[in-house]
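A short worksheet on the structure shown next.
All residue numbers refer to positions in the sequence shown, counting from 1. In this text the structure is predicted, and so the values were computed from the model without any measurement.
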Amino acid sequence: MQTDQFDYFPIVMQLLLAVGFVVATIIGSSFLGPKRSSKNKDKNFECGIESVGNARMPFSVKYFLVAILFVLFDVEVIFMYPWAVNFREMGFEGLLKMGIFMFLLIVGFFYVMKKKGLEWE
């Protein structure tokens with residue numbers, strides 16, 4: 001099977017079309033869009049709540065702990081999809097390995113629960 005540079009032409013064209021569309025849309029919206037500025041539009045706004053205080057206040061460590069734990073358990077769930085797809089081909093060995101993986105996941109979850117890592121104060 002011989003490949004040459006013309007085989008990549010559709011990929012390059014699609015990439016150029018996508019990038020060109022994004023750039024044209026951004027530039028076009030800056031020229032064609034309305035440019036109305038007012039005191040009310042320039043105010044900081046988030047979720048309908050008036051912002052109060054300094055934006056540089058430190059967050060609680062609990063916030064970051066819950067975020068990291070969410071990402072950790074979410075990524076571990078991603079590892080279950082390939083196992084579920086290839087469950088029949090992996091046989092008993094695959095079932096045993098996933099059992100060990102799930103056991104360690106549950107032990108880690110109960111450890112976090114015991115340390116009250118998910119309780120918000």
Side-chain angles (χ1 to χ4, degrees):
M1 186 169 144
Q2 188 178 13
T3 62
D4 53 356
Q5 294 176 352
F6 288 111
D7 292 338
Y8 296 105
F9 185 70
I11 297 171
V12 172
M13 285 301 300
Q14 186 176 5
L15 181 67
L16 289 175
L17 184 66
V19 171
F21 177 75
V22 170
V23 169
T25 304
I26 292 173
I27 292 173
S29 67
S30 67
F31 285 124
L32 299 175
K35 297 171 187 65
R36 294 185 208 113
S37 183
S38 68
K39 185 177 180 181
N40 197 22
K41 285 180 77 174
D42 291 338
K43 286 192 332 186
N44 291 334
F45 179 79
E46 184 175 343
C47 303
I49 300 171
E50 193 70 33
S51 56
V52 177
N54 187 2
R56 307 273 187 270
M57 290 181 1
F59 282 96
S60 172
V61 175
K62 285 280 195 183
Y63 173 79
F64 295 107
L65 181 64
V66 170
I68 289 172
L69 289 173
F70 172 76
V71 170
L72 177 72
F73 287 116
D74 194 43
V75 168
E76 288 178 348
V77 168
I78 292 172
F79 287 121
M80 293 180 198
Y81 286 110
W83 172 78
V85 170
N86 297 319
F87 176 71
R88 292 185 192 266
E89 291 85 20
M90 294 171 65
F92 182 73
E93 182 183 354
L95 180 65
L96 182 65
K97 289 178 181 178
M98 184 51 74
I100 293 169
F101 178 74
M102 289 299 297
F103 174 74
L104 292 174
L105 180 67
I106 291 171
V107 166
F109 180 70
F110 281 123
Y111 176 77
V112 168
M113 293 297 286
K114 183 180 181 212
K115 293 290 185 176
K116 298 181 180 175
L118 297 176
E119 289 185 13
W120 199 262
E121 297 173 358

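The local environment of NZ in Lys39 is sparse, with at most 12 non-hydrogen atoms from other residues, nucleotides or ligands closer than 6.0 Å. Atom OH of Tyr8 has 12 or fewer neighbouring heavy atoms from other residues, nucleotides or ligands inside a 6.0 Å radius. For Gln14, the CD atom counts as loosely surrounded, since its 6.0 Å shell holds 12 or fewer non-hydrogen atoms of other residues, nucleotides or ligands. In Tyr81, the OH atom is not crowded: 12 or fewer heavy atoms of neighbouring residues, nucleotides or ligands sit closer than 6.0 Å.
Residues Phe70 and Ile78 are members of separate hydrophobic clusters, defined by side-chain heavy-atom contacts under 4.5 angstrom among Ile, Leu, Val, Met, Phe, Trp and Tyr. Val85 and Phe87 fall into different hydrophobic clusters, defined by Ile, Leu, Val, Met, Phe, Trp and Tyr side-chain heavy atoms under 4.5 Å apart, directly or through other members. When the side chains of ILVMFWY residues are joined at heavy-atom separations under 4.5 Å, either directly or via intervening members, Val71 and Val112 end up in a single hydrophobic cluster. Taking hydrophobic clusters as Ile, Leu, Val, Met, Phe, Trp and Tyr residues chained together by side-chain heavy-atom distances below 4.5 Å, Leu65 shares a cluster with Phe109. Hydrophobic clustering (ILVMFWY, side-chain heavy atoms < 4.5 Å, transitive): Phe73 and Val75 are in one cluster.
Distance check, rounded to the nearest 0.5 Å: CG of Leu17 to CZ of Phe21 gives 9.0 Å. Rounding to the nearest 0.5 Å gives a distance of 11.5 Å between CD1 of Ile27 and CG of Leu32.
Taking 4.5 Å as the limit, some side-chain heavy atom of Phe110 sits within range of a side-chain heavy atom of Ile106. Residues Ile11 and Leu15 fail the side-chain proximity criterion, which asks for heavy atoms closer than 4.5 Å.
Considering every non-hydrogen atom in both Met80 and Met102, the closest pair reads CE-SD, 3.0 Å. Shortest non-hydrogen contact noted between Met98 and Phe79 is CE-O, 4.1 Å.
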